[in-house]
Each structure stands twice: as C-alpha cells, then as structure tokens.
Amino acid sequence: MSEGLRPEVAEGEHMSGRQATARRPGTAGHAGLEGREIAIDPGGCTGWHYHRVQLIAVVKSGTLTRILHDNSVEVHRAGTSFIEPPGARHRHLGRNHGSEPVVLHVTCEALPEGAAFSIPIQGPPGATNCACSGPAL
C-alpha cells in the first residue's frame, strides 16, 4: 500500500479486493479531494455499482475490464486512465481477468465521512451478474 494511505472499509462496500484512502481537506467554497488505491485480485470483480461523484482513475498495474451501463466493454491496461461519471445511470462493473492484481489510483471530490465510496445496484437489462471472488469491501 502506498505511504500515507490508510486501509479503510466503509460499511456497505461490496467490491472484492483492498482499498486505502487519503484525504486532502477543502478550502472555503471548494470541496476537498480524496485519493484511493484500489486493488482487485485476479478473478475478482467490483459488482455492479455507481458513484456519487465523478472519479478519475489511473491503472497502476494489471488490466481492468469495465462493463458499462449500455453493456459496452472497455479494457484499461497499466498506464492508462479513465473517468467515471457520477450517478446511477452510469452503473458499471469492473473485472480482473488477468493473473496479477489490478491496482487503481482514483481521485475524486471528498465524500462525507462514513459515506460509501460505491453504491451497489442491479446490472442493466441483459447484463450478466458478477460472481466476485474475495472478501467484500
């Protein structure tokens, strides 16, 4: 885990793998930022979910396969980045089909203390559910 990050598991989290969080307080009129390192073990997945705020993610290692709200598929390899828009209409699922952990560095607007990072939701019509391996986060 990166220095300065603390392991954090918020109640209601559901993704397999590990997470660590670092917060930067905001200033008057500006929200703070939150950074997370998320690891998804080989064979693991996030389950269908969405986020309250927009995320910017960088893939540090591994290959992440994301299935989006319209059932399209995006593959992100180490060194690439992507943005996840907020809201239930942008539900998605992440899978690690590889043999090494997927490690993501995610930055977003700071969430209220104790707020879940992701919100579980049913997949879109015609989507396959994920049988996640590993402990729920």
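Below, each value reflects all heavy atoms present in this structure, side chains not excepted, and no hydrogens, waters or symmetry copies. Starting from 1, each residue takes its place in the sequence as its number.
Between H51 and H92, the ring centre distance stays below 6.0 Å.
No donor-acceptor distance shorter than 3.5 angstrom exists from the side chain of S81 to the backbone of V58, with no hydrogens or angles considered. Proximity of a side-chain donor or acceptor of N96 to a complementary backbone N or O of L64 within less than 3.5 Å is not detected. In terms of modelled atom types and a separation under 3.5 Å, the side chain of E74 and the main chain of T65 share no donor-acceptor contact.
Under a 4.0 Å N-O distance rule, the pair E109/R52 does not qualify as a salt bridge.
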Next on the checklist: Is there a ring-ring contact (aromatic ring centres under 6.0 Å, His included) between F82 and H76? Walk through the geometry before answering.
Outcome noted: CA-CA 8 Å; F82 57 92; H76 306 280; 4.3 Å; yes
Checklist entry - Could you go step by step and tell me if K60 and E37 meet the side chain to side chain contact (heavy atoms under 4.5 Å, CB included) rule? => result CA-CA 9 Å; K60 181 178 175 184; E37 182 175 277; 4.1 Å; yes
Checklist entry - Going through the checks in order, is the side chain to side chain contact (heavy atoms under 4.5 Å, CB included) test met by I121 and R91? => result CA-CA 7 Å; I121 192 170; R91 71 187 79 190; 3.7 Å; yes
Next on the checklist: Is there a side chain to side chain contact (heavy atoms under 4.5 Å, CB included) between T63 and V75? Walk through the geometry before answering.
Outcome noted: CA-CA 7 Å; T63 300; V75 176; 3.4 Å; yes
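Considering every non-hydrogen atom in both V106 and A57, the closest pair reads CG2-CB, 4.0 Å. Of all the heavy atoms in R77 and T80, the pair that sits closest is O-OG1, 2.6 Å. Nearest heavy atoms, G98 versus P42: O-CB, 3.3 Å. The minimum heavy-atom distance linking N71 with A127 is given by the pair OD1-CB, 3.4 Å.
Using a 4.5 Å cut-off on side-chain heavy atoms (C-beta onward), C108 and F117 make contact. Counting heavy atoms from C-beta outward, V53 and L111 have side chains that approach closer than 4.5 Å. Proximity of T107 to L55: side-chain heavy atoms (C-beta onward) are nowhere separated by under 4.5 Å. Put simply, the side chain of V103 does not reach to within 4.5 Å of the side chain of I38, judged on heavy atoms. Residues W48 and Q122 have side chains not in contact (no heavy-atom distance under 4.5 Å, counting atoms from C-beta outward).
Hydrophobic cluster membership differs between L93 and I83, with clusters built from Ile, Leu, Val, Met, Phe, Trp and Tyr side chains linked at under 4.5 angstrom.
The only member of R66, Q54, H90 that meets side-chain hydrogen bond (donor to acceptor under 3.5 Å, both in side chains) when paired with E84 is R66.
The structure places OG1 of T46 at 8.5 Å from CD1 of I67, a figure rounded to the nearest 0.5 Å.
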